[in-house]
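Worksheet for the structure shown next.
Position 1 is the first residue of the sequence, and the numbers go up from there.
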Amino acid sequence: MSSPEDTPDAAGAHEAPTRGESFRNEEEQSGGDHQEEGSWASQHQDGDMKRAAAQLIEKYYFQLTDGCGNPHCDNPNCASSGKVGQLSSNEAAGKALQLFAVRARLCEVVGAKVPRSSQSLTLGSGVSTASVQGHSSLENTATCSLVRDVNMAGASNPSTPLPPLSPQVDELSKTPGLTEKTLSLTIAECRSANNYAKLRRLLWAVFSNEVALRHSYLRSPESRERSSETLVGCKSLDNSEVQSKEELRASERDLDKDLDCAEVLCVGEGAISRCEGDVKEQDESQCTKDINSPSTLDISEVRRAYAALFECPEAEFGSTLMNAIVQLLSDSLSIQLRAHRDAFTAIPNNINIFIILLESPALNTTDFIEIVMPKMCRTISQLPEKDQALLTKHLATWDGSRLHRLLESLHQLITIKLLTTEFSRDFTINDEDSITSATQVMKLLFYACIFGGELDTPLLKDLPPEESSGESVTLHDDPFIGVSGAGKDWAARAPPKDSLGTELGVHVLDARTPLVPLAEFYDDFLSDQLEMDRDFAYYKAGSGDKFSFLNFPFILTAATKALGLYYDNRIRMYSERRISIYQQVMEGMPANPYLKLRVRRDHIIDDALVELEMVALENPGDLKKQMVVEFEGEQGIDEGGVSKEFFQLIVEQIFNPDYAMFCLNNETQTFWFNPNCFESDAQFTLVGIVLGLAIYNNVILDVHFPPVMYKKLCSKPGSFHDLQDWNPTLYRSLVELLDYEGDDMEDVFMQTFRVGYQDVFGTSLTHDLKTDGDNILVSQSSKQEFVELYADFLLNKMVERQFRAFRRGFNMVTDDSPLANLFRPEELELLVCGSQHYDFLELMKSAEYDGGYTSETAIVQAFWELVHDMSTEDKKRLLQFTTGSARVPVGGLARLKLIIARHGPDCDRLPTAHTCFNVLLLPEYSSKEKLKDRLYKAIKYSQGFGML
């Protein structure tokens with residue numbers, strides 16, 4: 001009968017001759033090239049699946065014949081339950097196949113120990129003949145596997161000969177995993193002998209074996225603090241007696257001998273590796289209470305062991321360690337996660353494997369990044385979110401600098417793959433497994449930085465419901481409430497959730513001070529190389545068959561995500577056009593493919609808000625159409641430029657103090673909602689519609705809101721720390737109150753829970769933060785409550801009516817947009833207002849020329865000399881003149897693509913511009929002085945549109 005690796009019918013019963021023969025063939029080729037022995041790393045997926053199936057069938061076979069060792073087992077397909085009759089080997093094998101086909105339950109193996117053969121093995125003599133009955137073949141197979149692993153470990157550094165291995169196969173191991181004391185003793189022996197073959201052998205046996213690694217460095221119930229001086233002589237795991245050096249050596253030898261037992265018996269889902277000597281340890285271990293918690297692992301012991309290991313010459317063990325990890329990730333773990341993911345992830349201490357690997361000091365080395373990191377990322381990305389959440393919590397215990405180094409390693413891996421992989425039409429960045437899996441692992445780091453950093457108050461899913469402010473609605477009736485035919489509450493939109501964040505109990509918006517700044521997660525090179533049109537198609541498909549980076553927006557720059565949002569908006573506009581044409585043809589309705597606004601320049605607020613109000617009330621879906629603006633009495637055709645000027649003018653009017661809808665903070669020069677405004681809620685709703693239309697039509701606005709406003713638009717209410725940008729003076733005063741530690745706070749500050757403020761007319765008003773607040777003094781015990789209630793009043797409750805109306809209008813335009821999924825509050829601010837960095841060198845480098853001009857033309861060079869000598873205000877006027885907006889788009893001025901075209905020979909005409917297409921028409925003036933005179937006049941008197 002063949003080996004289980006070849007056919008599942010074997011079930012392990014007659015495996016020894018085949019695998020023994022394989023071992024002897026490997027012995028004969030032991031002097032061959034090491035890279036041939038490492039060919040396991042490139043196995044095909046079909047072969048991997050077959051091997052995984054063979055492993056599962058083998059487990060079912062031994063469950064039927066030997067049982068799990070639990071006397072109280074209730075599994076009808078386990079011999080330990082007493083419900084399985086006597087089965088021959090062939091009957092057990094057939095039954096195992098049936099159980100595999102239906103994915104039947106597998107028991108955890110408790111205290112199982114296969115009897116060893118009395119015959120010994122040596123590295124030089126090959127494998128002795130063993131009986132093919134019972135478990136003797138299994139025992140031979142396991143030991144042969146270990147010896148073969150030892151051979152590979154020794155081959156990684158042929159300059160140091162590997163001593164013969166003569167294990168005493170009838171002894172029992174005290175533990176199936178590696179411990180600090182075993183490793184340190186091995187290191188000490190290797191140093192004294194100046195031969196590190198034994199260390200390589202130990203590292204290979206542990207780090208290539210998932211069972212051994214899973215049960216390494218476990219925290220025992222009696223574990224206690226151990227200092228670094230006890231690295232060699234440390235306390236026993238099961239008592240307080242000190243072991244002798246001879247006992248430690250014996251324990252280290254036993255580890256090597258029994259790893260094969262653990263590997264053969266207990267690899268796969270639902271199983272725990274235990275040999276006979278571990279029955280008592282399993283019964284007493286606290287890992288039975290929380291088997292998947294990283295707390296079962298002694299992290300300090302792992303780090304001390306790594307520190308001791310890397311004090312050795314890395315050339316003696318580095319390649320062996322990396323090859324062993326690659327073997328583990330690509331051969332064992334990856335196969336099982338693909339074949340039987342749910343069962344594999346139920347294995348106790350499963351997450352310990354990845355924590356131990358991530359703790360390696362070699363994690364940031366070039367070789368590790370290129371060889372091991374791709375496979376590690378691929379395996380971690382296959383874990384279920386529950387295990388990923390546990391791994392994220394462990395990463396959150398790291399300090400920021402260490403997390404940043406790991407993040408840089410992932411960025412480096414992505415960059416290497418982008419530079420070395422040849423992409424084509426049929427194989428894109430989205431198909432490169434190393435890049436996509438590294439991005440998925442980066443998501444764990446992203447949440448670890450949030451989870452381990454300073455968190456804001458927990459995210460509220462929504463602002464208070466409409467009914468909570470019934471008085472405001474009655475006094476300031478808003479006709480837009482319930483305007484949607486679908487019954488949507490435009491002001492009550494919950495923020496998007498992420499499944500990993502939900503598992504961790506945090507939201508991206510909760511981050512106040514992350515361990516690593518979230519902007520560090522941007523990968524500029526990836527963002528530049530990514531085909532956003534294709535990635536956006538995968539994102540909208542949402543099938544999961546294709547990877548989309550838009551589902552991991554933290555890695556993409558704001559400019560790249562803005563392009564994805566642009567595609568979404570344009571597709572929606574085209575859809576509205578098709579619907580309009582269909583209604584015209586099939587239903588005879590008048591064609592209305594655009595959102596047309598006809599306004600008078602002198603009455604822009606009245607005209608625009610009236611027309612928008614009519615559209616929003618009659619058919620809010622028309623707000624999703626492409627907007628076209630026409631200024632009455634002007635000939636300009638709106639291809640984008642007229643809309644830009646429309647938004648600029650209407651924003652200037654909205655924030656005009658005469659309307660008193662917003663208040664200006666002189667310290668920060670930002671605007672905030674006027675809580676005592678006489679305007680109706682409908683006016684604030686229309687202002688929200690204007691802001692939403694600007695984003696929807698890809699127009700940057702010159703608005704000055706504090707950052708907390710964008711945070712509130714993302715459904716996160718303002719909190720105390722938002723006062724720092726909203727009102728710095730008030731914030732410093734409250735911080736001083738919080739920092740005061742004296743017992744006489746009531747006498748020093750004399751602050752009660754009644755606060756005072758002034759409206760825009762200078763009238764003094766008061767508000768009680770608590771019932772009868774004027775009689776409650778702020779004390780040491782209540783000072784934190786005071787500042788939180790005060791901030792909540794200023795940022796949320798005091799402007800609740802105005803902001804809800806504003807947010808309602810904003811959501812009427814952006815409700816179906818991926819805006820909230822892609823952009824964090826600070827990115828939303830950048831999307832609305834543009835960048836504040838005016839780098840005209842970027843604009844010059846990206847500029848294009850037409851009509852006979854080149855970058856070498858004298859008048860063009862004179863033009864750029866004048867531009868670089870301009871003041872900031874004049875540069876803004878130039879941008880306004882040539883592009884229709886004085887703001888810098890997301891991504892910088894390089895994305896404007898300014899075109900300078902020749903507009904005839906020397907003449908007295910002023911320069912003109914097509915703001916829709918960013919084209920500057922520049923006559924070829926005779927001198928630089930004439931160019932300066934004409935250009936400055938043009939940018940100072942540039943309002944209005946006409947036909948050329």
Side-chain angles (χ1 to χ4, degrees), residues 173-188 199 202-203 205-207 209-243 247-248 251-252 254-255 258-259 262 272-275 277-278 280-311 321 324-325 328 347-363 387 389-399 402 448 452:
S173 172
K174 291 184 173 58
T175 175
L178 183 62
T179 61
E180 178 187 2
K181 57 186 177 185
T182 303
L183 178 63
S184 54
L185 177 60
T186 303
I187 292 173
L199 176 62
L202 177 64
L203 293 177
V206 173
F207 281 88
N209 186 312
E210 58 154 307
V211 177
L213 195 57
R214 187 189 305 127
H215 293 90
S216 295
Y217 310 112
L218 289 181
R219 188 189 302 273
S220 65
E222 299 83 8
S223 64
R224 49 182 57 88
E225 284 299 319
R226 291 174 291 181
S227 62
S228 58
E229 291 79 18
T230 62
L231 202 59
V232 176
C234 62
K235 293 185 178 181
S236 174
L237 291 176
D238 55 352
N239 56 57
S240 60
E241 297 176 1
V242 179
Q243 291 182 314
E247 289 174 322
L248 291 174
S251 175
E252 189 271 334
D254 291 338
L255 167 68
D258 283 89
L259 284 174
I272 304 178
S273 168
R274 286 290 186 267
C275 294
D278 295 312
K280 183 178 179 181
E281 180 181 351
Q282 160 145 354
D283 294 337
E284 298 177 353
S285 175
Q286 77 269 24
C287 71
T288 58
K289 300 177 183 177
D290 190 10
I291 58 178
N292 282 326
S293 172
S295 63
T296 61
L297 186 67
D298 192 335
I299 301 297
S300 59
E301 184 178 358
V302 174
R303 292 172 180 171
R304 290 195 303 269
Y306 269 128
L309 175 62
F310 278 81
E311 287 178 0
L321 181 61
I325 295 174
L328 171 73
I347 299 175
N349 305 330
N350 180 38
I351 199 65
N352 291 3
I353 298 173
F354 304 98
I355 293 178
I356 292 173
L357 295 182
L358 287 172
E359 287 290 337
S360 172
L363 195 64
D387 284 342
L390 290 173
L391 199 56
T392 301
K393 289 179 181 178
H394 172 71
L395 291 173
T397 63
W398 291 10
D399 59 72
R402 190 176 179 193

Between the main-chain N or O of [Y] and the side-chain N or O of [X], is there a donor-acceptor pair closer than 3.5 Å?
X: Asp399; Y: Arg402; value: yes
X: His215; Y: Val211; value: yes
X: Ser216; Y: Gly177; value: no
X: Tyr306; Y: Ile356; value: yes
X: Glu301; Y: Glu180; value: yes
X: Ser184; Y: Lys181; value: yes

**Item:** Between CZ on residue Arg214 and OG1 on residue Thr296, distance to nearest 0.5 Å
**Value:**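 Atom-to-atom, Arg214:CZ and Thr296:OG1 are 11.0 Å apart.
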**Message:** Distance check, rounded to the nearest 0.5 Å: Thr186 atom OG1 versus Leu199 atom CG?
**Reply:**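 With rounding to 0.5 Å, OG1 (Thr186) is 7.0 Å from CG (Leu199).
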**Message:** I'd like to check the side chain to side chain contact (heavy atoms under 4.5 Å, CB included) partners of Ala389; sequence neighbours left out, ordered by chain and number.
**Reply:**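 Here the qualifying residues are Leu500, Glu503, Leu504.
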**Asked** side-chain contact (heavy atoms from CB on, under 4.5 Å) between Leu213 and Leu178: does it pass, once the steps are laid out?
**Response** CA-CA 7 Å; Leu213 195 57; Leu178 183 62; over 6 Å; no
**Candidate pair Ile355 and Val302, rule side-chain contact (heavy atoms from CB on, under 4.5 Å), full reasoning** = CA-CA 9 Å; Ile355 293 178; Val302 174; over 6 Å; no
**Request:** Begin from the C-alpha positions of Trp398 and Leu358 and carry the test side-chain contact (heavy atoms from CB on, under 4.5 Å) through to its verdict.
**Result:** CA-CA 11 Å; Trp398 291 10; Leu358 287 172; 4.3 Å; yes
